[in-house]
Number of protein chains: 2
Amino acid sequence: MPPTQLGRVQLLIMQVLWDKGRATAREITDTINASEPIAHSTVQTLLRGLEQKGAISHRAEGRTFVFVPLIAEDKFRTSVTRDLLDRVFGGNAGSLVAHLLKHEKVSREEVAEIRKLIDRQAKK
Amino acid sequence: MPPTQLGRVQLLIMQVLWDKGRATAREITDTINASEPIAHSTVQTLLRGLEQKGAISHRAEGRTFVFVPLIAEDKFRTSVTRDLLDRVFGGNAGSLVAHLLKHEKVSREEVAEIRKLIDRQAKK
DNA sequence: CCGAATCGTTTAGTGCGCTAAATCTATCAG
DNA sequence: CTGATAGATTTAGCGCACTAAACGATTCGG
């Protein structure tokens, strides 16, 4: 199964699952509803889709379904980051980092953190 | 007008325009066709869409249209990068950089380049 | 027992990106 | 002039994300 491309709301759902580890449809609906309105049936429909593409799985617990993520958040991040990298920055990771440093607010602490990573990287 | 989200092929078209500065539909079709098959009419249809959403503009030159980008590649990169950042990395640019360094091949030269940027950043 | 609430399922419709044939129009070769 | 060629425009259809009402089944409060 390929890169697993996700839509906006599908991603919201996955994030709830990654956060909680496991969740019922109702929990997911409520969580998303805290920041934006969404109908419960919409969430359920999307859960179907996610399950069909192998992104999540469920098991019955009583009469409700408990959903769990099958793909790891990190794997997903890698996939989507690489996609951005290839399609928008010509595959040049350096350009992306440069872009981030120039255009995004990166806190002093983050800069320090990055420097540490860089140093470790340079040693290899 | 908002962040200007682009589809996959729309992005290919924009990249040709960013590259060349200006191009006819035919040139764009040929360029894309060098790497993947696409019908000329498809390109023309997409050019319409791009123009409607304000991403490009055209003027007639003889009986053919010459298209030019209206949004800058850099602006686009910023928009799409921020989108990734917010939706996938919780808005934490440091996480994204860390992810890149851990998962992507970053050449020694790139690392050096990044370090320079970091140093400059740190001074501010 | 019965109605309300809560599940999951079915069904339906919208919008958008993408695809490309079909068509109309103007130019150009001969 | 005429046919071919190369523009642009129109039209049509697919797939997918998203939306959510409607429906059927089950459980729970009283």
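In what follows, chains are A, B, ... by sequence order, proteins preceding strands, each numbered from 1. Predicted model, so just to flag it, every value in this text is computed and none were measured. These values consider heavy atoms only, across backbone and side chains, with no hydrogens, waters or symmetry-generated copies.
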Earlier contact from the 5' end, DNA chain D, for B/Q44 and A/V43
B/Q44
Options D/dT9, C/dA20, C/dG17, nucleotide nearest the side-chain atoms of B/T42
C/dA20
Separation of A/R48 atom CZ from D/dA20 atom P, in whole Å?
17 Å
Quickly work out the A/I32 CD1 to D/dA17 C1' distance and round it to whole Å.
14 Å
Check whether any side-chain nitrogen or oxygen of B/R63 sits under 4.0 Å from OP1 or OP2 of D/dA8, and answer yes or no.
no
Does A/T45 reach a base, just sugar-phosphate, or nothing at all? Heavy atoms under 4.0 Å.
base
Quick one: B/N33 CG to C/dT19 P, roughly how many Å, whole number?
11 Å
Should B/K53 be listed as having a side-chain N or O under 4.0 Å from OP1 or OP2 of C/dG15?
no
Looking at the side chain of B/Q10, which of D/dT9, C/dG8, C/dC18 is the nearest nucleotide?
C/dC18
Worked verdict on B/E113 versus B/E109 for side chain to side chain contact (heavy atoms under 4.5 Å, CB included):
CA-CA 6 Å; B/E113 188 58 38; B/E109 295 78 29; over 6 Å; no
B/D74 versus A/H103: any side-chain heavy-atom pair under 4.5 Å?
yes
With a non-hydrogen cut-off below 4.0 angstrom, is A/R8 in contact with a base, only sugar-phosphate, or nothing?
sugar-phosphate
Send over the distance from B/E61 CD to D/dG7 P, rounded to a whole Å.
13 Å
Measure the shortest side-chain to side-chain distance between A/T81 and B/F89 over non-hydrogen atoms and say whether it is less than 4.5 angstrom.
yes
Nearest whole Å is fine: how far is C/dG8 P from A/L47 CG?
9 Å
Could you check how far CD1 of B/I28 sits from C1' of D/dG7, rounded to whole Å?
14 Å
Are B/D30 and B/H40 packed together at the side-chain level, in the sense that at least one heavy-atom pair is separated by less than 4.5 angstrom?
no
For A/I38, answer base if it contacts any base atom (sugar-phosphate contacts may also be present), sugar-phosphate if it contacts only those atoms, and nothing otherwise; contact means non-hydrogen atoms under 4.0 Å.
sugar-phosphate
Grab the CD-P distance between B/E51 and D/dA8 for me, whole Å please.
11 Å
Rounding to an integer number of Å, can you tell me how far A/Q52 CD sits from C/dT10 P?
11 Å
Which of these nucleotides, D/dG7, C/dG8, C/dT19, is closest to any side-chain atom of B/L46?
C/dT19
Phosphate contact (C/dC7 OP1 or OP2) by A/T64 side-chain N/O below 4.0 Å
no
In the structure I gave you, are the side-chain heavy atoms of A/T24 and A/E27 within less than 4.5 Å of one another anywhere?
yes
